[in-house]
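Below: one structure, written as structure tokens.
Below, chain A is the first sequence line, B the second, and so on; all start at residue 1.
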Amino acid sequence: MRSSWADLAANSAAENAPPTSAANNANNNNTQPPSRPVYVPPHLRNRGPTAPAPASSERFSAPTAFDNSGSRWAPPPRNDYRGRGGGGGFGNRTGGGGGWDRREANPFADQDDSEEPVTQEEQENTGINFDAYEDIPVETSGGNVPPPVNTFAEIDLGEALNQNIRRCKYVKPTPVQRHAIPISLAGRDLMACAQTGSGKTAAFCFPIISGIMTGQPAQRPPRGVRTVCPLALVLSPTRELSMQIHEEARKFSYQTGVRVVVAYGGAPINQQLRELERGVDILVATPGRLVDLLERARVSLSLIRYLALDEADRMLDMGFEPQIRKIVEQMDMPPAGVRQTMLFSATFPKEIQRLASDFLSNYIFLAVGRVGSSTDLIDQRVEYVQESDKRSHLMDLLHAQRANGVQGKQALTLVFVETKKGADALEHWLCLNNFPATTIHGDRTQQEREAALRSFKSGNTPILVATDVAARGLDIPHVAHVVNFDLPNDIDDYVHRIGRTGRAGKKGLATAFFNENNASLARSLQDLMQEANQEVPAWLSRFAARSSFGGGKNRRSGGRFGGRDFRRDGSFNRGGPDYQGAGNSSGGYGASGGYGGGYGGYAGNSAGPGVTSAWD
DNA sequence: AAAAAAT
């Protein structure tokens, strides 16, 4: 399925050809290349003559000058493309030597490539268990909330994207996707809270890819300038998570002509620069490396139409906020309201929501699922273990697991510890005791980190000792057991850690070692477990009662967890953000239960069970 | 106090 475009690009950048791309060029059909680079809209790139162009393609067939109306920034494409017959033509992509490098490895290469449709039953066996997502509470607030969809077919994402959705074996959208995709396609800013493992990546990737495919072409920087201008930026807090998002996004954008590039620290920058020079529509990055690229003027954000922050609450907490502000507010990114901004996380403390509203314009708040995360899919246990007993206690767990064969043969165990040194020490000790373990933390080289993750995923070392670097976002199939060897100080971190198991509707087990050192977490842990219908040990309740006076920063009342739009909270609402939709929160659909009507009247402690406490 | 994130 090679096009003339591909030939052209391959010629212009042949020296960069990685060996692996040769195989993908095998089915090259030698269509006559155009004599000079001509802009090809993403949805037509990579289209071989054998693949018939969709009927709608005529409107792109006569390029005319792209009029950007003198505006510095072309407005982000809104949800009008279905009606935009032959609007603006396309200018040439003049920036990087004529256009994108079309060579594209098949991201589905490691799966059987049968194009057979997947039945619902199959999906439930191998993929997402949708029964686990029935009947979950949904909250939206903000003005004019677009209604959710029930199927991918209801949304016009384009045939290429639809085909990738089939290749990914997604039969129907998860709840967060059902709600978030229409909101994003409508061009609205979004703050979305959804449980760990519920499909957030696709929820922001699909609208971005679709929007880039169908949107106006970008103005490219002048010739000779090596600065590249992505149209979408996805930021995440760890390198491995950026890698994972990149891999996912590559699958979703396969043969759509939309190019996804990843940039993160700890890896040679030259290779990343080469990838960028081959063209980039969607840049996935960690903040530090992106700042570096911006300061070197190798990347410009001037054409950004979509900004997505994954693990957005983490991205805006103390450690990251200055960098994010620099990237979003102090470089050349179009301002909120011009670009489209999407924030996703499983947790969204109210104070972080307030910070986040700086980056949003007239946004919709969406909360899907119970509490920050913990579904009843995760069996949560807390055991009282003194520091000195932790190792032998872990050993007991691992022995029992080995004997019982928890969840079958390939069960993986992820052990969280507090410090990098502690991770190394525990790994060493486990290995001495014939438990094959490896470790991932920030003192290891990037190579070591990636090798550790690979080794864990493959089952080669079925025990991974990790710091919080692995707490968020990583999608590791077959993690049967998460052990909080050291509990975190923040309940949100706990939520994300245990969310490494029980993903895509599957069950999981989480065991925590609790002792006096964790007293400050007792109350919030107890509340969280109660909300997730978990059995709370009596001793933990006593700890909770003892530590509850004086509140503590982990107190959940006041809404540490996602699930409530802070704009509804009177104390946050004064002189606050542009919240125009307070009055019509439910938008005529979705669950509005739990609210006593109006944002002042939230009857949080008296509304029906199942929603109330979870949405505190 | 710790972890993460650029070189």
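- Closest approach to the H441(A) side chain among dA4(B), dA1(B), dA2(B) is made by dA4(B) (side chain taken as heavy atoms from C-beta onward).
- Counting only distance, with no hydrogens or angles, the side chain of Q353(A) and the backbone of F348(A) share a donor-acceptor pair below 3.5 Å.
- When the P atom of dA2(B) is taken as reference, atom CG of N517(A) falls 14 Å away, rounded to whole Å.
- What separates CG of D486(A) from C1' of dA2(B) is a distance of 11 Å, to the nearest Å.
- Distances from the side chain of R449(A) to the nucleotides dA5(B), dA6(B), dA3(B) place dA5(B) closest.
- Counting any heavy atom pair closer than 4.0 Å across all strands shown, R239(A) reaches sugar-phosphate atoms only and no base atom.
- For dA2(B), neither phosphate oxygen OP1 nor OP2 lies less than 4.0 angstrom from any side-chain nitrogen or oxygen of K421(A).
- When each of dA3(B), dA5(B), dT7(B) is scored by its nearest atom to the side-chain atoms of F320(A), the top-ranked nucleotide is dA5(B).
- Within the structure, a side-chain polar atom (N or O) of T467(A) is placed less than 4.0 Å from OP1 or OP2 of dA4(B).
- Going from atom CG of L521(A) over to atom C1' of dA1(B) covers 15 Å, rounded to whole Å.
- Going from atom CG of N270(A) over to atom C1' of dT7(B) covers 13 Å, rounded to whole Å.
- Between D424(A) atom CG and dA3(B) atom P there is a gap of 11 Å when expressed in whole angstrom units.
- Rounded to whole Å, the distance from CD on Q323(A) to P on dA3(B) is 18 Å.
- Nucleic acid contact for D468(A): none, since no nucleic acid atom lies under 4.0 Å from a heavy atom of the residue.
- Here R472(A) lies out of heavy-atom contact (under 4.0 Å) with every strand.
- Candidate nucleotides dA4(B), dA6(B), dA1(B) were compared by shortest atom distance to the side chain of N489(A), and dA1(B) ranks first.
- The distance from atom CZ of F543(A) to atom CG of L525(A), rounded to the nearest 0.5 Å, is 11.5 Å.
- Using modelled atom types and a 3.5 Å distance limit, the side chains of Q244(A) and D475(A) yield no donor-acceptor pair.
- Not one N or O on the side chain of E418(A) forms a donor-acceptor pair closer than 3.5 Å with the backbone of T467(A).
- At the heavy-atom level, G265(A) lies under 4.0 Å from the strands shown only through sugar-phosphate atoms.
- When rounded to the nearest whole Å, the span between CG of D317(A) and C1' of dA2(B) equals 12 Å.
- Rounded to a whole Å, the CG atom of D292(A) is 12 Å from the C1' atom of dA5(B).
- Without hydrogens or angle criteria, E448(A) side chain to T445(A) main chain gives a donor-acceptor distance under 3.5 Å.
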